[in-house]
Amino acid sequence: MCGIVGYVGSKQALSVVVDGLRRLEYRGYDSAGVAVVSENKLKVRKKAGKLTKLESLLGDDPLPSSTCAIGHTRWATHGIPNDINAHPHLDQDQKFAVIHNGIIENFAQLRAELEATGTNLASDTDTEVVAHLLASEYPKTKSLTKAMQQVVSRLRGAFTLVAISSEEPDLLVGARRNSPLVVGRGIGENFLASDVSAFISHTKSAIELGQDQIVELTSESIKIINFDGSDALFKEYEIDWDISAAEKGGYELFMLKEIAEQPQAVRDTLAGRINEKGILNFSDFQISDETIKEIKKVVFIACGTAFHAGLIGKYAVERWTRLPSEAEIASEFRYRDPILDKESLVVAISQSGETMDTLMAVKHAKEQGAKVLAITNTQGSTLGREADAVLYTRAGPEVAVASTKAFLTQVVAVELLALYLAQVKAVTQTSEIKKVLEDILDMSHAIDVVLDTMPQVKEIAEKYKSAKSILFIGRQAGYPVALEGALKLKELAYMHAEGFAAGELKHGPIALIEAGSPVIVIVPSLEHDPILHEKIISNIQEVKARGASVVALAEAGDEVVSLYADQVIRLPKVPSLLQPLVATVPLQVFAAQLAKVKGHDVDQPRNLAKSVTVE
Ligand code: F6R
């Protein structure tokens, strides 16, 4: 949510920053802006709308060359998305420029104080107060870093900030609280960004800033201190993917590329975690066997798509560990009184590792003594730091706002986790665990097979482009898939869609069905779940009797379903708990295709941002 990038070094700073913004645009695209220091003066260009609007402005009204620049891409919180509210924000004398990700909760009070002393604020944003506060602090020490230290001590909320000043033209100062900020260490140049994709084409050497730290960068030096001025502890690491992973690589859309990458993402997430004897080998898992043996309950917390992975995790934990398990929406969990203690394992799932609702829920769980395991795709993320242990999914960078490959790897991770708990607690036969692991190892091939159904799925999607509403139904592991299918359709095609547990339909939602209503049914395996299969066939008949047009996702060889459904999309035959890994894929393609047909921006749907760093 909001992308931040800063550069200091010998290259043309503006082009480095604009290139970085292009890679960060998935974080927000309500407006974009840049500031450079040139000949001891700050120059700013900013524009409402997507980055291309800013690029045209820069074409019409170029900025002078500079070796120090900052850039921002915005997801609006305070103030509508217009040119004035776009970042960077400046003080009255135009000596300090600031960009920000987060929400400054006490901005109204700070704004009132500034106004009382005669400061005119130009925008409606919370961010602008920081520029004015820097201007008032700076004369006391003549140090941008020290001024930043004073200013952050006055702020409440989430504020990752980067500032430059005409007073110290070769300096970039960042401060991190609650939203991400990563340093890129180059040779004769240094970078700051919300995520490493902004600078990976220049350096793979990164430093993860901790909470409440300030970083001061010149082209030759990196100095990191805590907000109180003391020396800070931080972590340096090498980025293990390269720029091609963050580019479209010949695909028309990032989302289509990421859908196609799913077999590899699943393979990568499994790599090295199952040994040759068919035993789970979690060398990177930091929770001891003794602690695992004491766990009496497992609670999954997450938001959106990641929550759907959590629901699948709950089913897997119940099935293989026989422990009570729950899946909770993080923003609800955080304000409830969940029953947790030191024998509870809370599993927080988040692609970005920066989702504020999930981070707050983790804090809530820790306060009650629970152990917290993070499942995240992002090295160096806040979630990874806050948790007691981390299980990394290895989906690689996910750029399209709608989550696809990250979801599939989250599903793999929760299944592995459940099996690992079962292995350590010795509650499931080793032979059964081994068999499931063999099946999991086959899943990347199964996903490849599903990807071959894309042309058929696209054709079906186009048929429903004028539908008022589309319902998705499933049972057990098919229920989270139905929720995920509906979520994808809402966020991409802007169509009304709902996912239901198929058995719930008759308790109300069936009233929505009228002649021609599309209903997409995730059919349980006839071979593995004959009883559930029978039930869903009844559900199909119920909606058909009321005029619905049914598209079934059913396994190869299930001829019963062909008797009732209008169209059948075939899935490979896989065990029930693994079916989400194949059944979700056609629904991703279905939503992307409908969005395309309707002329929507598939990679950057309206009103959304990839990383939701506000509550
Ligand atoms: C939907 C989607 C969102 C995210 C949710 C959580 O396609 O991407 O629903 O899943 O905002 O994000 P993370 O996983 O980063 O915590």
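Note that the structure is predicted; figures quoted are calculated from it, not measured.
If you check the side chains of N101 and H72, you find no donor sitting under 3.5 Å from an acceptor. For the residue pair Q262/Q588, the side-chain donor-acceptor check at 3.5 Å is satisfied. Residues Q593 and E462 have side chains that bring a donor and an acceptor to within less than 3.5 angstrom of each other. Judged by distance alone, the side chains of S444 and R267 do bring a donor and an acceptor atom under 3.5 Å apart. Side chain to side chain, T584 and E484 fail the donor-acceptor criterion of an N or O pair below 3.5 Å. When only modelled atom types and interatomic distance are considered, Q286 and D388 share no side-chain donor-acceptor pair under 3.5 Å. At a cut-off of 3.5 Å, with distance as the only test, no side-chain donor of Y315 or S576 sits close to an acceptor on the other residue. A donor-acceptor pair shorter than 3.5 Å can be found between the side chains of T305 and K488.
Across L24 and S194, no two heavy atoms sit closer than the pair CD1-N, 4.3 Å. Nearest heavy-atom pair, L391 versus A413, reported as atom, atom and distance to 0.1 Å: CD2-O, 3.9 Å. Across all their heavy atoms, P263 and I259 have their closest contact at CD-O, 4.4 Å. Pairing each heavy atom of F333 with each of V299, the nearest pair is CE1-CG1, 4.1 Å. When every heavy atom of E415 is checked against every heavy atom of I312, the shortest pair comes out as OE2-CG2, 3.7 Å. Shown here for L419 and I433, the closest heavy-atom pair between the two residues is O-CD1, 4.0 Å.
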Next on the checklist: Apply side-chain contact (heavy atoms from CB on, under 4.5 Å) to residues R475 and V523 and explain how you reach the verdict.
Outcome noted: CA-CA 8 Å; R475 282 177 174 264; V523 180; over 6 Å; no

Next on the checklist: What verdict does the side-chain contact (heavy atoms from CB on, under 4.5 Å) test give for K435 and D439, after you've listed the backbone C-alpha separation in whole Å, the side-chain angles of each residue and the deciding distance to 0.1 Å?
Outcome noted: CA-CA 6 Å; K435 171 74 184 80; D439 292 333; 2.7 Å; yes

Next on the checklist: Let's go through F300 and L311 carefully: what are the C-alpha distance in whole Å and the side-chain angles of both, what is the deciding distance for side-chain contact (heavy atoms from CB on, under 4.5 Å) to 0.1 Å, and is it a yes or a no?
Outcome noted: CA-CA 8 Å; F300 293 88; L311 278 173; over 6 Å; no

Item to check | Derivation and outcome, side-chain contact (heavy atoms from CB on, under 4.5 Å), residues N539 and V521 | outcome: CA-CA 9 Å; N539 300 137; V521 187; over 6 Å; no

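At most 12 heavy atoms of other shown residues, nucleotides or ligands fall within 6.0 angstrom of atom NZ in K363. At most 12 heavy atoms of other shown residues, nucleotides or ligands fall within 6.0 angstrom of atom NZ in K434.
We find the CG-OH distance between D268 and Y392 to be 16.0 Å, quoted to the nearest 0.5 Å. Distance OG1/T160 to CD1/I99: 10.5 Å, rounded to 0.5 Å. Remark: I4 CD1 to L181 CG distance equals 6.5 Å, nearest 0.5 Å. Summarising the geometry, atom NZ belonging to K204 is positioned 10.0 Å from atom CD1 belonging to I243; distances are rounded to the nearest 0.5 Å. Note that the CG atom of L421 and the CH2 atom of W320 stand 11.5 Å from one another [nearest 0.5 Å]. Annotation: the span from C2 atom SG to R27 atom CZ amounts to 8.5 Å, rounded to 0.5 Å.
Checking side-chain atoms of T321 against main-chain N and O of E318 turns up no donor-acceptor pair under 3.5 Å. T376 places a side-chain N or O within 3.5 Å of a backbone atom of S350 that can act as its donor or acceptor partner. A donor-acceptor pair under 3.5 Å is formed between the side chain of D603 and the backbone N or O of F254. Put simply, the side chain of E386 never gets that close to the backbone of V362: no donor and acceptor are under 3.5 Å apart. Side-chain atoms of E328 never come within 3.5 Å of backbone atoms of A302 as a donor-acceptor pair (strictly under, hydrogens ignored). At distances below 3.5 Å, not a single donor-acceptor pair connects side-chain atoms of R319 with backbone N or O atoms of A418. T409 contributes a side-chain N or O that, together with a main-chain N or O of A406, makes up a donor-acceptor pair within less than 3.5 Å. Between the side chain of R394 and the backbone N or O of A271 there is at least one donor-acceptor pair closer than 3.5 Å. Counting only distance, with no hydrogens or angles, the side chain of E555 and the backbone of L526 share a donor-acceptor pair below 3.5 Å. Of the possible donor and acceptor atoms, one in the side chain of N275 sits under 3.5 Å from a partner among the backbone N and O of I279.
Residues I460 and Q456 form a side-chain contact, since some pair of their non-hydrogen atoms from C-beta on lies under 4.5 Å apart. The shortest side-chain heavy-atom distance between P580 and Y479 does not fall under the 4.5 Å cut-off. For the pair L51 and R22, the minimum side-chain heavy-atom distance is below 4.5 Å. Using a 4.5 Å heavy-atom threshold, the side chains of R273 and N281 count as separate. The closest side-chain heavy-atom distance from K465 to L594 is below 4.5 Å. Side-chain contact between V346 and K371 is absent, with no heavy-atom pair separated by less than 4.5 Å. In this structure the side chain of E491 reaches within 4.5 angstrom of the side chain of L608, judged on heavy atoms. Looking at heavy atoms from C-beta onward, S352 lies out of side-chain contact with N377 at the 4.5 angstrom threshold.
Geometrically, K50 engages Y29 in a cation-pi contact defined by less than 6.0 Å to the ring centre and at most 45° from the axis.
No option in V390, L383, T393 other than T393 meets the side-chain contact (heavy atoms from CB on, under 4.5 Å) test with I375. Residue K610 is tested with E354, E25, E398 for a side chain to side chain donor-acceptor pair (under 3.5 Å); the sole match is E398. Each of R385, R176, R185 was compared with E208 under the salt bridge (Lys or Arg N to Asp or Glu O under 4.0 Å) criterion, and only R385 meets it.
With sequence neighbours left out, F407 forms a ring-ring contact (aromatic ring centres under 6.0 Å, His included) with no residue at all.
For the pair E247 and K257, the salt-bridge criterion is not met [side-chain N within less than 4.0 Å of a carboxylate O]. Using a 4.0 Å cut-off between charged side-chain N and carboxylate O, E527 and K573 make a salt bridge. Comment: K405 engages E261 in a salt bridge, judged by a side-chain N to carboxylate O separation of less than 4.0 angstrom.
Sequence neighbours left out, the pairs with a member in residues 590-615 that pass ring-ring contact (aromatic ring centres under 6.0 Å, His included) are Y494-H600.
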